[in-house]
Structure formats: C-alpha cells, structure tokens
Amino acid sequence: PNTQSAGKEVSSKDLFVRIAMSKTNVYEQEAVVCTIKLYTKYQISQFMPTLQPSFNGFLIEELPLSPSLNNVERVGGENYMVAELKKCILFPQQSGKLTITSGNYDVTVVQYEKIRSIFGYIQQPVEKKLKVKSNSASVNITPLPTPKPATFNGAVGHFTIESSINPQQLKTYEAATYNLVVRGSGNIKYVKSPTVGFPSQFEVYDPQSNINAKPNGTTVSGSIAFDYTFIPQFVGKYSIPKTVFTYFDPSQRKYVTLSTADYNLTVGKGSGAPTTHRAGGMEQKNRDILHIKLGNLHLQKQHDYLIDSGAYWLWFILPTLFVAGLLFY
C-alpha cells in the first residue's frame with residue numbers, strides 16, 4: 001500500500017465491496033450464508049456505510065465481527081487486503097428469486113506523496129475520498145415439496161426429539177410438566193411447538209419455549225425446549241399418545257417424521273381444589289369468569305361543571321387583582 005503514489009486514479013479493480021453467497025440454490029427456510037467483504041490495495045483511514053444492503057424476504061442471524069484488514073486474498077491473479085464487513089446466516093421465507101440489494105459506502109484511502117528534504121525523499125500520506133457501490137447478489141429459492149405432512153410446522157434442517165414428564169407420580173389438582181426438546185441444526189429458533197394429545201380430563205396451559213442456539217459454521221445449531229404444564233383433574237389411568245414432529249431435510253430432499261414414546265399415566269388422589277367443574281356430566285372451564293350482571297344496577301348520571309365552581313372564577317379574579325396592585329405600586 002505504501003507504493004501507491006498520490007494523484008493516481010483509484011479504479012474499481014483497486015477497491016471494491018463484494019457480496020457473496022455460500023449457495024445460489026436453496027429450499028425455503030434452508031440456511032444460506034451471506035458475506036460482505038471489502039477488497040483494497042490501499043490503506044483505509046475511514047469507512048462509512050451510507051446505504052446498507054437490504055435482505056427482504058429473509059430472516060437474519062447476524063454473526064459477530066470485528067472488521068480489520070488483516071487478511072490477504074488473491075482475486076483475478078492479484079493480491080488484496082480484505083476485511084469482512086458483515087456476515088450473516090439467512091433463512092429465506094418465500095420461494096422464487098430473492099436479491100440482496102447493493103450497498104453504498106464512503107471510503108477514504110491513503111496515498112503517498114514523495115517530498116524532497118535535506119534528508120532525501122520522504123513519503124507524506126495524502127487522503128482521497130471515494131464513493132463505492134457493492135454488487136447485488138441473488139439466490140433461487142425452491143418451494144418445499146407438496147403435499148406437506150399434516151405434522152409439518154416449518155422446521156427445515158436436521159433434528160432429533162426427546163420427551164419427559166415431571167413428576168412421574170401424578171396427583172389430582174397438582175401441576176406437572178410435559179417437556180419436549182428438539183435438538184439439531186437449521187431454523188431451530190423458528191420451530192413451532194408440536195401438538196400434544198393430552199386427555200380431556202387434564203387442564204392444559206399454553207407451552208413455554210426456551211431457546212439455546214447459536215450460529216455454527218454455515219447454520220444455527222442448538223436446542224429448543226417446550227414445557228407443557230398440565231393439571232390432572234380426576235383420579236384414574238390415562239395415556240398421552242406419542243408426539244409427532246416432522247421436519248424437511250434439504251440434504252435428503254424429503255420430509256422426516258420423528259415421534260416420542262407413549263406415556264401411560266396413573267393419577268392418584270391429591271389435595272387442593274379442582275381447576276375445572278363438572279355439572280350434569282359436562283365439563284365447564286373458566287369458572288373464574290362470572291356472568292354479566294343484569295337488571296337495575298341503580299346507576300346515576302351526574303354532571304359537575306367546572307365553570308360553576310368558585311375556584312374557577314378565583315383563577316381569573318386573583319391574578320387580575322395581583323396585576324392591578326402591582327401596577328398601582
């Protein structure tokens with residue numbers, strides 16, 4: 001870089017920003033890596049994005065970076081200093097051709113001017129401001145095969161599942177948890193909770209999810225746990241059938257269905273009050289929501305006008321008297 005003389009024209013082959021995709025053809029929700037790099041033959045004193053590339057149609061998992069010109073890459077038979085400006089894992093949300101638009105950047109490069117002195121020639125840095133526009137990049141998104149299984153809820157990648165119930169000794173009116181854990185790689189952060197076939201005699205609450213996943217190479221890996229809280233209402237023997245989870249595996253180009261084990265449960269007598277109430281053989285929930293009150297509620301309509309109060313007029317009279325007294329003084 002210190003051989004680049006001042007006044008020399010900086011061409012698009014000397015300095016450019018490139019958007020590169022790890023794949024050009026993927027399925028919906030399949031991970032694809034986007035990398036934005038700066039290539040330069042000059043030292044950079046200032047770099048400012050003025051228009052960032054847009055990622056319409058994608059969900060983004062951005063990777064942490066500390067851009068610096070520490071790497072050298074050879075492009076077109078020439079060496080460049082390279083800095084990674086942005087790197088992210090994209091999950092396309094629709095089929096068709098999706099494009100990452102180009103970005104605009106203000107870049108200040110350093111050139112060197114030779115100055116003659118009593119000690120000979122010395123190099124003096126000279127800054128030159130440039131405007132740089134990156135390329136755009138497109139990806140062809142293939143729709144997922146149809147017909148989709150009824151148990152498919154959008155998971156794409158490679159996954160495993162396991163389940164457990166805690167506590168195993170169930171009692172009436174006491175809360176228990178059905179825990180379902182999905183592990184693997186892909187769009188795991190966006191996996192929806194599978195449907196669990198609880199008996200109608202159980203009071204069931206909406207599942208709570210806990211995500212523990214992070215970027216790993218060209219995808220996102222980790223786990224997502226779903227906790228289904230339920231409360232048995234009656235003594236007896238019950239069963240929770242196997243829970244089915246279906247995902248699409250892009251490497252195999254097919255849907256894969258996994259299932260948990262069946263659970264045969266025995267509910268003993270517990271303490272506490274029921275969360276549901278049976279009347280006439282029919283189960284009625286939400287007994288805490290009472291019926292609207294009817295009839296004469298003895299409501300009265302009353303208006304109090306501020307202008308009828310003495311305080312309202314005092315706010316006019318007192319300031320007037322105060323100003324008059326001040327003028328008189």
Side-chain angles (χ1 to χ4, degrees), residues 21-35 55 57-64 87-96 98 139-166 168 176-198 204-230 239-264:
M21 309 297 293
S22 61
K23 302 176 183 178
T24 56
N25 295 279
V26 296
Y27 284 98
E28 289 181 63
Q29 295 288 346
E30 182 183 358
V32 55
V33 179
C34 174
T35 306
F55 298 87
F58 295 96
L59 291 176
I60 304 176
E61 184 73 25
E62 192 160 346
L63 304 179
K87 190 172 184 178
C88 51
I89 301 174
L90 307 179
F91 296 95
Q93 300 299 296
Q94 62 192 61
S95 60
L98 295 180
V139 184
N140 296 313
I141 313 301
T142 303
L144 297 176
T146 54
K148 299 177 182 178
T151 53
F152 175 71
N153 59 5
V156 175
H158 181 75
F159 304 98
T160 62
I161 62 168
E162 59 184 46
S163 63
S164 62
I165 291 181
N166 185 43
Q168 296 183 351
T177 302
Y178 179 94
N179 179 258
L180 182 68
V181 180
V182 178
R183 290 187 173 88
S185 59
N187 62 342
I188 190 166
K189 289 188 175 182
Y190 312 106
V191 170
K192 299 178 182 178
S193 58
T195 301
V196 180
F198 289 100
V204 183
Y205 297 87
D206 293 335
Q208 303 297 315
S209 61
N210 182 26
I211 301 173
N212 182 16
K214 60 183 180 180
N216 181 19
T218 60
T219 186
V220 176
S221 301
S223 64
I224 180 169
F226 299 100
D227 293 329
Y228 302 77
T229 300
F230 64 94
S239 64
I240 299 178
K242 62 183 180 182
T243 300
V244 178
F245 175 78
T246 300
Y247 68 92
F248 180 77
D249 190 339
S251 61
Q252 302 184 56
R253 299 183 180 181
K254 68 176 184 179
Y255 293 98
V256 179
T257 299
L258 307 174
S259 60
T260 63
D262 297 325
Y263 288 95
N264 296 315

Here the salt bridge (charged side-chain N to carboxylate O under 4.0 Å, His left out) pairs for residues 140-157, sequence neighbours left out, are none
So the salt bridge (charged side-chain N to carboxylate O under 4.0 Å, His left out) pairs with at least one residue in residues 250-263 (sequence neighbours excluded) are none
By ring-ring contact (aromatic ring centres under 6.0 Å, His included), which residues pair with [X], not counting sequence neighbours?
| X | result |
| --- | --- |
| Phe55 | none |
| Tyr263 | Tyr178 |
| Phe245 | none |

Does any part of the side chain of [Y], heavy atoms only, come nearer than 4.5 Å to the side chain of [X], both counted from C-beta?
| X | Y | result |
| --- | --- | --- |
| Asn25 | Thr142 | no |
| Gln94 | Ile141 | no |
| Pro92 | Val26 | yes |
| Leu90 | Met21 | yes |
| Val139 | Lys23 | no |

What's the spacing between [X] [atom1] and [Y] [atom2] if we round to 0.5 Å?
| X | Y | atom1 | atom2 | result |
| --- | --- | --- | --- | --- |
| Ile240 | Ile165 | CD1 | CD1 | 4.0 Å |
| Cys34 | Ile89 | SG | CD1 | 11.5 Å |
| Asp249 | Tyr255 | CG | OH | 12.0 Å |
| Asp206 | Gln208 | CG | CD | 7.5 Å |

Compare every heavy atom of [Y] with every heavy atom of [X], then report the nearest pair and how far apart it is.
| X | Y | value |
| --- | --- | --- |
| Val204 | Phe230 | CG2-CB, 4.2 Å |
| Ser163 | Thr260 | OG-CB, 3.4 Å |
| Ile211 | Lys189 | CD1-O, 3.6 Å |
| Tyr190 | Ile60 | OH-O, 4.2 Å |

By salt bridge (charged side-chain N to carboxylate O under 4.0 Å, His left out), Lys192 pairs with (sequence neighbours left out) none
Residues at least two apart in sequence or cross-chain that pass salt bridge (charged side-chain N to carboxylate O under 4.0 Å, His left out) with Glu28, listed by chain then number, are none
Taking the side chain from Gln93 and the backbone from Phe91, do they hold a donor-acceptor pair closer than 3.5 Å? yes
Quick one: does any side-chain atom of Ser95 pair with a main-chain N or O of Pro143 as donor and acceptor, under 3.5 Å?
no
Hits for side-chain contact (heavy atoms from CB on, under 4.5 Å) against Thr160, two or more places apart or cross-chain, chain-then-number order -> Arg183
Contacts of Pro250 meeting side-chain contact (heavy atoms from CB on, under 4.5 Å) (sequence neighbours excluded), chain-then-number -> Tyr27, Glu30, Val156, Phe248
Applying side chain to side chain donor-acceptor pair (under 3.5 Å) to Tyr247 and not counting sequence neighbours gives His158
Residues passing the side chain to side chain donor-acceptor pair (under 3.5 Å) test with Thr195, sequence neighbours excluded, are none
For residues 212-227, which side-chain donor-acceptor pairs fall under 3.5 Å, sequence neighbours excluded?
unit_1: Thr219; atom_1: OG1; unit_2: Gly186; atom_2: N; d: 3.3
unit_1: Asp227; atom_1: OD1; unit_2: Asn179; atom_2: ND2; d: 2.4

